[in-house]
Amino acid sequence: MTRFLAIASTELAILRRNRWLVMVTLIMVLFALALTFAGSAPTGTLGVDMLTVSVASMTTLSVYLAPLLALMISFDAIAGEAERGSLGLLLSYPAGRGEILMGKFAAHLSALGFAMAIGFGSAGAVAAWFGGAGAESLVALGRLIGTSMLLGAAFLVLGYLLSALAKSVTAAAGMAAGLWLVFVVLYDLGLLGAVVFDAGGTFTQKVFPWVMVANPADAFRLWNIAASESVALTSGMTGAAQALPAWAAPLSLMIWPVIGFAAARFVFRRVEP
Amino acid sequence: MTEPTLTIEKASKDRGKLRVLSDVDLTVAAGERVALLGHNGAGKSTLIKTVLGLTPLSGGAIRVGGAQPGSAAARRATAFLPESVSFHPALTGREQLTLFARLDGAAADVAGLLDRVGLSEAMDRRIGTYSKGMRQRLGLAQVLLGRPVVALLDEPTSGLDPVSRQDLYAIIDELAAQGTAVLIASHALTEVEARTDRIAILRQGIKVADDTLANLSQAAGLPIRLRVRASGDADALAQQTGGRRINGASVEILCSPAQKMDALRRIAAMGDAVADVDMTPPRLEDLYRHYAKETVQ
């Protein structure tokens, strides 16, 4: 336990020291505020409060930003140590590899969670102050922060997996960029193409929603939309969410960090420094 | 005497078709300092990695203080200094060493250790501002954590200035004095010579020598070099002694350790014809070259 805490507190110190935490929190606040003000126009026409609209816009933001920030932190985790020559030394200490990975994960996730809570929270507070907020929109804000952390967690562990697979930091960075592009951009484009090609056939009806929810980024989107009617209303994306049982998106989003961590640990075990 | 602290028996390691280590036997007792010499790629670092449990053996066995390499007990018992190590540049020396102390699980006087390796001024500065020698000292400080049973030092002097090297060997002596078995992989032959109890030489994954310096030089039969400076005619002196003139005034004589006193007596008997005599016993360099180049039968 002390070893896990030692790793985690050291990793947090590094994130604070190299300004990573400050920069990411700042990015989150700025983006969230910008979206909240830019997206405040449709409030009247849809008959929902400003916080609801703000959460809907921030959900779209988080789909892109949470995986990106998570990968930016995690791609260096193992490859960086290996390149500095400190991995062998670290592994010669009694801490197990799973323990090392868990310590880094705890630190990285809490840093990510801090940035998201501050960023989304401050934008939410501004929206509530200017445009009002109900109990439902506050729950939606809390859900947004929670699911964003889960999405971040999924991409953190995928970053460790790449970092353990890569032979160098540069390769790990390149693989992380590719992974982001595939999960966040190309996956949806591919699905869109398939749906257009299928023209409302069996694929679109039966298979498509499941394929979509298998991607953590889409599961995140679906969860936030399906859980709140007014968020769904403002985002205009209800079709896929209704085709699936309510547990599908939460299950996908919760299982990704677990599977990813197990895979990263498995590959890390085989790394010879 | 109990069993040796570090025992390596018939250790073999294959990387693909290449045999990196081949039936290497090596023991280091508590308080003993053993130098592990060899060219680049001779298998020194691989041997150290197998002792650390970082890479599995293809054959043979290793015991670290009675434990399997890589086991929790073995890792607690071992200290390791990697070759030209570096740490996260954003941390301070004190933070980095505190992390290692907490991973080690033993209470440690972090500031005291940093002071011991000469980093007391720099301990609260970022490692990014350290010189290579300072990073090496920080690496050495973590070796001293928690009274290791076995210490493995991979090229510990690389990047150190001569004064720091003296400090390093003083610290190694301290380690040995407190009962740590020390294995030093090195290229810096001249220092290892005076500072180790035993020398093992690896050549292409095979141990070609393992003994004290004196025994090794005797077994190698390397000549002692006598350099005689003539006060007058160097050619005449060369003829008289059976040596070889190497410059205007000096003659070099090669003789075996057994003939050494004989040769010295003859030179002394020549009286005024000889101005000066220098005697060079075979150095580790000669020895190393002898054992590292010798074809293995």
Side-chain angles (χ1 to χ4, degrees), chain A residues 1-24 73-104 106-108 111 163-164 168-169 268-273, chain B residues 13 15 45-46 48-56 64 67 69-92 94-107 126-128 135-136 138-139 142-143 145-146 148 150-152 154-155:
Chain A
M1 195 60 194
T2 49
R3 298 198 174 100
F4 160 77
L5 286 178
I7 302 262
S9 65
T10 305
E11 288 293 326
L12 266 183
I14 290 173
L15 290 177
R16 276 203 313 273
R17 189 72 48 77
N18 60 19
R19 306 269 185 280
W20 195 94
L21 195 57
V22 176
M23 288 309 296
V24 168
I73 297 203
S74 62
F75 80 89
D76 183 62
I78 296 163
E81 299 260 11
E83 205 158 283
R84 277 196 298 278
S86 51
L87 185 60
L89 181 56
L90 187 62
L91 294 179
S92 77
Y93 275 87
R97 296 191 186 203
E99 217 171 351
I100 292 172
L101 213 52
M102 198 44 125
K104 287 185 180 245
H108 293 164
S163 198
S168 70
V169 177
F268 184 33
R269 277 224 171 131
R270 295 153 57 110
V271 170
E272 274 185 30
Chain B
K13 174 74 186 170
R15 283 199 197 283
S45 294
T46 308
I48 285 182
K49 276 183 194 169
T50 58
V51 174
L52 288 167
L54 293 176
T55 179
V64 183
S71 67
R75 283 193 285 177
R76 252 194 304 278
T78 331
F80 171 45
L81 177 62
E83 185 180 355
S84 56
V85 66
S86 127
F87 304 96
H88 201 290
L91 293 172
T92 66
R94 190 203 291 266
E95 286 167 338
Q96 182 68 63
L97 195 60
T98 306
L99 169 66
F100 285 132
R102 289 174 70 185
L103 289 179
D104 202 39
R126 291 181 189 205
I127 296 172
R135 288 202 303 267
Q136 196 78 2
L138 181 57
Q142 60 85 28
V143 169
L145 280 170
V150 175
L152 305 160
D154 198 354
E155 304 286 350

- Query: Of all of B/R76, B/R75, B/E83, B/Q96, which one pairs up most often with chain A through heavy atoms under 4.5 Å apart?
  - Reply: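 With the most close heavy-atom pairs to chain A, the winner is B/R75.
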- Could you check which of B/L54, B/V85, B/L52 has the highest count of heavy-atom pairs closer than 4.5 Å to chain A? B/L54
- Task: Looking only at non-hydrogen atoms, find the nearest pair between A/S92 and B/F80 and report the distance.
- Result: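 That closest heavy-atom pairing would be OG-CB, 3.9 Å.
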- Item | Taking every non-hydrogen atom, the tightest pair across B/L99 and A/A6 | CD1-O, 3.4 Å
- So how far is it from B/F100 CZ to A/L90 CG, rounded to the nearest 0.5 Å? 6.5 Å
- Query: Roughly how far apart are A/E11 CD and B/L91 CG, rounded to 0.5 Å?
  - Reply: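 It comes to 8.0 Å.
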- Query: Does any heavy atom of chain B fall under 4.5 Å from the side chain of A/I100, the backbone, both, or neither of them?
  - Reply: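 Neither the backbone nor the side chain of A/I100 comes within 4.5 Å of chain B.
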Heavy-atom side-chain contact between [X] and [Y] under 4.5 Å:
| X | Y | answer |
| --- | --- | --- |
| A/I7 | B/R102 | no |
| B/Q142 | A/Y93 | yes |
| B/L103 | A/T2 | no |

- Query: Considering residues, nucleotides and ligands other than A/R19, do more than 12 of their heavy atoms fall under 6.0 Å from its CZ?
  - Reply: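 No, because the 6.0 Å sphere around CZ of A/R19 holds 12 heavy atoms or fewer from other groups.
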- Message: Quick check on B/L145 against chain A: is it the side chain, the backbone, both or neither that has a heavy atom closer than 4.5 Å?
- Response: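 For B/L145, the contact with chain A is made by the side chain alone.
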- Checking B/T92 against chain A: side chain, backbone, both or neither under 4.5 Å from a heavy atom?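 Both backbone and side chain.
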- Message: Quick check on the interface: out of A/A95, A/G85, A/A13, A/P273, who has the most heavy-atom pairs with chain B under 4.5 Å?
- Response: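 Ranked by heavy-atom pairs under 4.5 Å with chain B, first place is A/P273.
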- Evaluate the side chain to side chain contact (heavy atoms under 4.5 Å, CB included) criterion for residues A/R84 and B/H88: first the C-alpha distance (whole Å), next the side-chain angles of each, then the deciding distance (0.1 Å), finally the verdict. CA-CA 8 Å; A/R84 277 196 298 278; B/H88 201 290; 3.7 Å; yes
- Pairing of B/E95 and A/R17 as salt bridge, 4.0 angstrom limit: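 Between A/R17 and B/E95 there is a salt bridge, with a charged N closer than 4.0 Å to a carboxylate O.
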